[in-house]
Amino acid sequence: MTTSKDIIEWTEEQKQEMRDKLLAWYDKEKRLLPWRENKDPYRIWVSEIMLQQTQVVTVIPYFHRFMEWFPTIKDLAEADEDKLLKAWEGLGYYSRVRNMQSAAQTMVEKFDGQMPNNVKDLLSLKGIGPYTAGAIASIAFDLPEPAVDGNVMRVYSRLFCIEDDIADPKSRKIFEQKVRETISHERPGDFNQALMDLGATICTPTSPKIEIDPLRDLYEAHKQNRLEEFPVKKKKVKTVHLYYLGLSIQNKKGEYLLEKRLAEGLLANMWTFPLVEVDKKHYQEMEKEWLGYQEDQKETTLFDFVAEDSGLMKGAFLEALETSQSDVVWLKQPLGDVKHVFSHRKWHILLGNGFLKEETELMLKENQSWVDPKDFPNLAFPKPQQKMISLIEELRNK
DNA sequence: AACACGGGGTG
DNA sequence: CACCCAGTGTT
């Protein structure tokens, strides 16, 4: 293990050479991005939160819409949560936008509705950690603060052969130290953004374009022919598999039964079709029956089919509707399956389609509603639920 | 220190 | 399909 003592030290001349080469490259190649049009701290903040774990091309349309919907910190502080989630729909890590609203409210209460202009106050805000505080401080306020993200760790680990595990939070300080030693005091914001652009486009994780890299002669890892050994990163944890039956249930008006998810945890407060968890064994049995059914494409309804066998899907429908009236739903057909990989788990969903026969005495749960599909665009659905909607629309178009 | 938290890309 | 990309908050 390399410790900070073992890491190569550059002379002042080498540091100056690195700054000059990096900034010259940035002046020529910098990407023209909407949040680079000016130094408005609010726009910088929004872009930096969106860019966490998310690529630039994905962020651009979200950024424009967000600034339209919430033009000021005050607008964000007062926004309706459903609209907030809709603004973030599909971006992932939805706590980011909830934390932003909390921070906006703090700014209205404590900072005169402005972004604070120093690292200490920035760090006191929800959702702003060491990286984002450094990014805002340097880009919006010209402070020579490090903003160490994955790109920066990749570039510096290759420059200095830093062998510390970048997944370990302890390592961040080593990289921050090296950035402090090298950062341009004249143009700290450009310096940090140049590092991130370089990591994103040239000094990439695989197949780095070393021949066109403005820092190509400075990488110690390259001198040692070990460029792609860096950065050092330990293995990620294995994903957990979860199995569900997904339920598309329509009433006579053509509305669908939807549920709002719990206020905490995965995909909090977002909308979903009812999901009933089943164990792997039952899921696989069901999947097998399902495929047999789809191959047949006979007159038989899934209701008949399931009723004769496990009754699992029917039971799930009854559970979702909180009723024991066994003839309340007529299961028309299977819609297909949806698979979705999260960072730490994988969902397997078999989606069934049912029609409600009687609805008068039916009690919905607190978090359930009948929703006209015309209103789907107004609700925030996570990706797996968007995939389910696609299956439903396929069926409607047949 | 370990885990929770989405979604996208490449080969 | 396997594999890569990773900041912040909570416990």
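Every chain is numbered from 1 and lettered A, B, ... according to where its sequence line falls, protein lines coming before strand lines. Both backbone and side-chain heavy atoms feed into the values below; hydrogens, waters and symmetry mates do not.
- In the set B/dG6, C/dG9, C/dA6, the nucleotide with an atom closest to the side chain of A/Lys233 is C/dA6.
- With C/dG7, B/dG6, C/dC5 as the choices, the nucleotide that has an atom nearest any side-chain atom of A/Ser343 turns out to be B/dG6.
- Between C/dG9 and B/dG8, the two P atoms lie 23 Å apart (nearest whole Å).
- A/Trp271 and A/Ser369 get closest at one heavy-atom pair: CH2-OG, 3.9 Å.
- Among the atoms of the strands shown, none is found under 4.0 Å from any heavy atom of A/Lys339.
- Using a 4.0 Å heavy-atom distance criterion, A/Asp149 is classed as a sugar-phosphate-only contact.
- Closest approach to the A/Thr132 side chain among C/dG7, C/dA6, B/dG7 is made by C/dG7 (side chain taken as heavy atoms from C-beta onward).
- Note that A/Arg345 lies outside the cation-pi zone of A/Trp347, set by a 6.0 Å cut-off to the ring centre and a 45° limit from the axis.
- Whole-Å rounding puts the A/Leu122 CG to C/dT8 P distance at 11 Å.
- Using a 4.0 Å heavy-atom cutoff across all strands shown, A/Ile128 reaches sugar-phosphate atoms only and no base atom.
- Annotation: of the two residues near DNA chain B, A/Thr206 and A/Gly265, the 5′-most nearest-nucleotide partner is A/Gly265.
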Evaluate the side-chain contact (heavy atoms from CB on, under 4.5 Å) criterion for residues A/Asp337 and A/Ile349: first the C-alpha distance (whole Å), next the side-chain angles of each, then the deciding distance (0.1 Å), finally the verdict. CA-CA 6 Å; A/Asp337 66 312; A/Ile349 304 165; over 6 Å; no

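- For A/Lys383 and B/dG8, the NZ to C1' distance is 9 Å, given to the nearest whole Å.
- Atom-to-atom, CG of A/Leu51 to P of B/dG7 comes out at 17 Å; the value is rounded to the nearest Å.
- Across C/dC4 and B/dC5, the matching P atoms stand 23 Å from one another, rounded to whole Å.
- Within a 6.0 Å radius of NZ in A/Lys339, more than 12 heavy atoms belonging to other residues, nucleotides or ligands are found.
- Residue A/Arg345 is classed as a sugar-phosphate contact, given heavy-atom separations below 4.0 Å to backbone atoms only.
- Heavy-atom nearest nucleotides on DNA chain B were determined for A/Ser207 and for A/Pro384, and the one closer to the 5' end corresponds to A/Pro384.
- Closest approach to the A/Tyr93 side chain among B/dC5, C/dG9, C/dT8 is made by B/dC5 (side chain taken as heavy atoms from C-beta onward).
- Residue A/Arg261 contributes atom CZ, which lies 13 Å from atom C1' of B/dA4 at whole-angstrom precision.
- In this structure, the CG atom of A/Leu266 is 7 Å from the C1' atom of B/dC5, given to the nearest Å.
- One interatomic measurement links the two molecules: CD of A/Gln53 to P of B/dG8, which rounds to 14 Å at whole-angstrom precision.
- As rounded to whole Å, 8 Å separates atom C1' of C/dC5 from atom CZ of A/Arg154.
- Closest approach to the A/Leu267 side chain among B/dG6, C/dT8, C/dC5 is made by B/dG6 (side chain taken as heavy atoms from C-beta onward).
- Contact annotation: A/Lys170 side-chain N/O to B/dA1 OP1/OP2 distance is under 4.0 Å.
- At the heavy-atom level, A/Pro169 lies nowhere under 4.0 Å from the strands shown.
- Residue-environment remark: NZ (A/Lys30) exceeds the threshold of 12 foreign heavy atoms within 6.0 Å.
- Heavy atoms of other residues, nucleotides or ligands lying less than 6.0 angstrom from NZ of A/Lys223 number more than 12.
- Here C/dG7 presents its C1' atom at 15 Å from CG of A/Asn192, a figure rounded to the nearest Å.
- At B/dG7, one or more side-chain N or O atoms of A/Tyr94 fall inside 4.0 Å of OP1 or OP2 (strictly under the cut-off).
- In terms of phosphate contacts, A/Lys234 brings no side-chain nitrogen or oxygen within less than 4.0 Å of OP1 or OP2 of C/dA6.
- Distance check on atom C1': B/dG9 versus C/dT8 gives 23 Å, rounded to whole Å.
- Between A/Lys170 and A/Asp168 there is a salt bridge, with a side-chain nitrogen of the basic residue lying less than 4.0 Å from a carboxylate oxygen of the acidic one.
- The residue A/Tyr131 sits close only to the backbone: its heavy atoms come under 4.0 Å of sugar-phosphate atoms, none of a base.
- Between A/His344 and the phosphate of B/dA4, there is no side-chain N or O to OP1/OP2 separation shorter than 4.0 Å.
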